[in-house]
Amino acid sequence: MAGTAASIATIPSHESADEAEPLARNAPPRVRWKRTLPYVSVLIVVGLWQIIGSHINPILLSTPSATVAAFGHMISNGQLIPAFGTAMEDLWVGFGLAIVVGIATGVLMGRSEVAERVLDPYINFFQATPLIALVPLVVIWFGIGFEARIATTFILAVWSIIINTFVGVRSTPSALIDVASVYKLNRREIISKITLPNAVPYIFAGLRIALGKALIGMLIAEMEVSVTGLGGLVVNYGNSFRTAYLLAGVFTASAVGVIGVILLNLVKRWFFPWVNATTAEGVRY
Amino acid sequence: MVAPVIEVSHVGKRFWQGKRGAFLALSDVSFDVRDGEFISIIGASGCGKTTLLRMFAGLTAYDSGELKIRGQLVRGVPDGIGFVFQAPALLPWRSVGDNIALGLSAVRSTLSEGELKGRVAAQIELTGLSGFENSLPHELSGGMQQRVGLARALVAEPKVLLMDEPLGALDAFTRMRLQEELAAIVARTGATTVFVTHDVDEAVFLSDRIVVMDRSPGRLKQIVDVPFDKPRQRREFIGDPRVAELRDLVLGLVTADLLLPRQPDASREASGRSLG
C-alpha cells in the first residue's frame, strides 16, 4: 500500500506537464507587420480627413485638428467635464438598474416555467419593438428630468440582459443538475452555486449588447428629453452648425462606451476568471 | 450472513418515445451487491447500464420491481452515496478544493469549518491532487479532473460508491494508471462500489464480480466472478493465463450480438482483432 501511495503522490506533476505547454506568445517576424495595420489604417484615414476637411466648408466635415481644438476649448470653458459626468451618471444608473432587474427576471424565468410562459410574450414584444418610439410616453410618465433619462436608458438595455440570463440559466448542463441532486443541494443553493454561475458567460455577452443599447438610450434621452449632458452638447452644437464641437461631443460619447466595455471586461477578468476559458462567448441576441 | 448493500429485484424501466410507443430500457434485472464488493456493470451501448446506475443514485426512477440500498427502498437520492460522473461534471467556477467540498453539501451542517477543511485536504492528498487545491478545473488535464470527481465523491465517506464510466474519456495510459490508483483508493475506503464501464480489461482488473448486460431490451446476461486476490499488480495480472481466459469469456459475452457470425476459431475472434 505504501508503494501505491508514493506513486499517487508523484503522478500529478507529470500529468499536468502535458497540459502546461505554453502557447507561443511571440509571433514570428513575418506576421508581425500585420499587427501594425490597424494603426496605419487609422493614421491614413485621419490624414485624409484632415486634407479633405480643410478644402471644403468646415460645417460639412471639419478636420481632426479643429475637433481636437474644440475638445480642448470645451474642457477649458467647463462645458465638457460636467456633460461627461451627466452622461456617465445617466448611463450607469440606467444600465445598473437594467442589470439588477434584468438578471433577476432572467433567473426567475430560467428557474420557473410558469414565469417563463407568463413573461415570454412581453419579452418578445419589447425585444421586437423599436423602443425609441416609447420615448414620448416616457416623457409623459417621468417628465423631462433625470428620471426620464434613466427610464429611457433602462428600457433600451434591460431586454438583452433578461434574455441572455434566461438562456444562460436554462443552458445549465444536465450533468451539473445531477451533481446538485446527488449532493443534495437545495433550491437556493442550486441557483447560487450552479445555475447562476453557469449563466455568467451568457450574462456578460448580454451586458455587452445591453451596454451599447443603454448608450443609445442615454444619448437619445439627453438629446430629445432633457437636452443636457453629452447628447445636449451635440444637439446644441449641431443646431449652431459648429461641426468640430459636435464631433468632439460625439467622440466623448464614444469614449463613454469604450470605458464601459473596458470596465465590463475588467469585472469579468477579475471576478470571473474562468469565463473565457470555459465558454466561448455565450449566446448573442 | 450480512444483508446485501444493494438489492436489485425485478427492476424494469420504460422510456416513452412519443408516438413510437415505449422503449424497454431495462427488463427484469435482479442481482445483489455485497458489502465492500467491487462490481462492474458492462455491456454494449444501449444495454441500460448507465440507466441502472442512475437508478441506484435516485437520478432516474424505475417503473417496476424493487431497488434497495442499505435496506432502504430507493426513492430520490439515497443517503451515503458518492457518484463519479462520466464527464467529471466539475463546477468550472470553483477551485479544486471547493469542488471537492461540494461533496460535503449534504452533511455540511454537521461539520465545523476546520473539519470540512480537514476532510477536503485528506481527499486531496489521497487522490494525488496536492498542490492543485486552488486551481480551476480548466487548468487541469482530463485525468486530473477525474481525480477531482473521485475526491468529491469520496469526501463524505460514502458507504456506496457509484461510478459511471469515470475513465471512459481518458487516453489509454492515463486510464491504466488511474485504474490502479482507483483500485488502491477504493480498497482503502472500503466502500461498496458499482462501476459502469464498456472496457473489458478495466472491468476484469478492478472487479470482484462483473455484471454483463444485454440490450434490446436491456437485461442481465450473466454475472462473472473474478476470483483473483487483491491488490492486483497489473503486470502479473495481465500475464496470468487464467485472467486472459476470463477476459475472453467476458469479451465473448459482451460482444456476442455485436460480432459477425462466429468463425470456427472463436478464441482468436474474441480478442477483437478479426472484427473487420
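We name chains A, B, ... by the order of the sequence lines, and we start the count at 1 in each one.
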For this session: Against chain A, label B:Phe85 side chain, backbone, both or neither, depending on which of its atoms sit under 4.5 Å from a heavy atom there.
Result: side chain
Exercise. Does the ring of B:Phe205 carry B:Arg234 above it, NZ/CZ under 6.0 angstrom from centre and within 45° of its axis?
Worked result: yes
Exercise. Is it the side chain or the backbone of A:Pro173 that comes within 4.5 Å of chain B heavy atoms, both, or neither?
Worked result: neither
For this session: Salt-bridge test for A:Lys184 and B:Asp79: reply yes if a basic N is under 4.0 Å from a carboxylate O, no otherwise.
Result: yes
Exercise. Any ion pair linking B:Arg108 and B:Glu113 (charged N to carboxylate O, less than 4.0 Å)?
Worked result: yes
For this session: Indicate the ring-plane relationship of B:Phe38 and B:Phe195, choosing parallel, tilted or perpendicular according to the 30° and 60° boundaries.
Result: tilted
Problem set entry | Region of B:Leu102 in contact with chain A, defined by heavy-atom distances below 4.5 Å | both
Exercise. Of the backbone (N, CA, C, O) and the side chain (C-beta and beyond), which part of B:Ala183 lies under 4.5 Å from a heavy atom of chain A, both, or neither?
Worked result: neither
Seminar exercise, completed: Counting heavy-atom pairs under 4.5 angstrom with chain B, the leader among A:Ile194, A:Asn186, A:Asp178 is A:Asp178
Exercise. Given a strict heavy-atom distance threshold of 4.5 Å, which part of B:Pro137 is in contact with chain A: side chain, backbone, both, or neither?
Worked result: neither
Exercise. Mind checking whether B:Phe228 and B:Phe237 have parallel, tilted or perpendicular rings, split at 30° and 60°?
Worked result: perpendicular
Exercise. Between B:Arg94 (side chain) and B:Asn99 (backbone), is there a donor-acceptor pair under 3.5 Å?
Worked result: no
Problem set entry | chain A contact via B:Ala87 - which portion, at a heavy-atom distance below 4.5 Å | neither
Problem set entry | Spatial distance of atom CG (A:Asn198) from atom CD1 (A:Ile190) [nearest 0.5 Å] | 13.0 Å
For this session: Select one option (side chain, backbone, both, neither) describing which atoms of B:Leu90 are under 4.5 Å from chain A's heavy atoms.
Result: backbone
Exercise. By a 4.5 Å heavy-atom criterion (distance strictly below it), what part of A:Ile177 contacts chain B: side chain, backbone, both, or neither?
Worked result: neither
